[in-house]
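So the structure is just underneath, and the comments pick up after that.
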Amino acid sequence: MQITRGAATEEELAALIAVVSDAYAQEASEAVADEPRVSAWARTQRPLRRPLRRDIPWGRFTR
């Protein structure tokens, strides 16, 4: 924080920091992300094939 006008005392700064810290702690505790819902269809699906391995040369298409 930066005070741009006036002159705050140490007690006023301490009170401000306490209030802002408490508000931040409350907001952080309430901010919980919902678990993504996965459908039964997506859960039972497996990949059709493994991804291609680009590190293995293949025929005349190698570089």
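Heavy-atom basis, side chains included; hydrogens, waters and symmetry copies ignored.
- Residues meeting the side chain to side chain contact (heavy atoms under 4.5 Å, CB included) test with Thr9, sequence neighbours left out: Glu11, Glu12.
- With sequence neighbours left out, Asp55 forms a side-chain hydrogen bond (donor to acceptor under 3.5 Å, both in side chains) with Arg53.
- Taking Ser29 as the reference, nothing meets the side chain to side chain contact (heavy atoms under 4.5 Å, CB included) condition, with sequence neighbours excluded.
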Can I get a per-line list of side-chain donor-acceptor pairs under 3.5 Å for residues 16-27, giving both atom names and the distance, sequence neighbours left out?
{"unit_1": "Ser21", "atom_1": "OG", "unit_2": "Ile17", "atom_2": "O", "d": "2.7"}

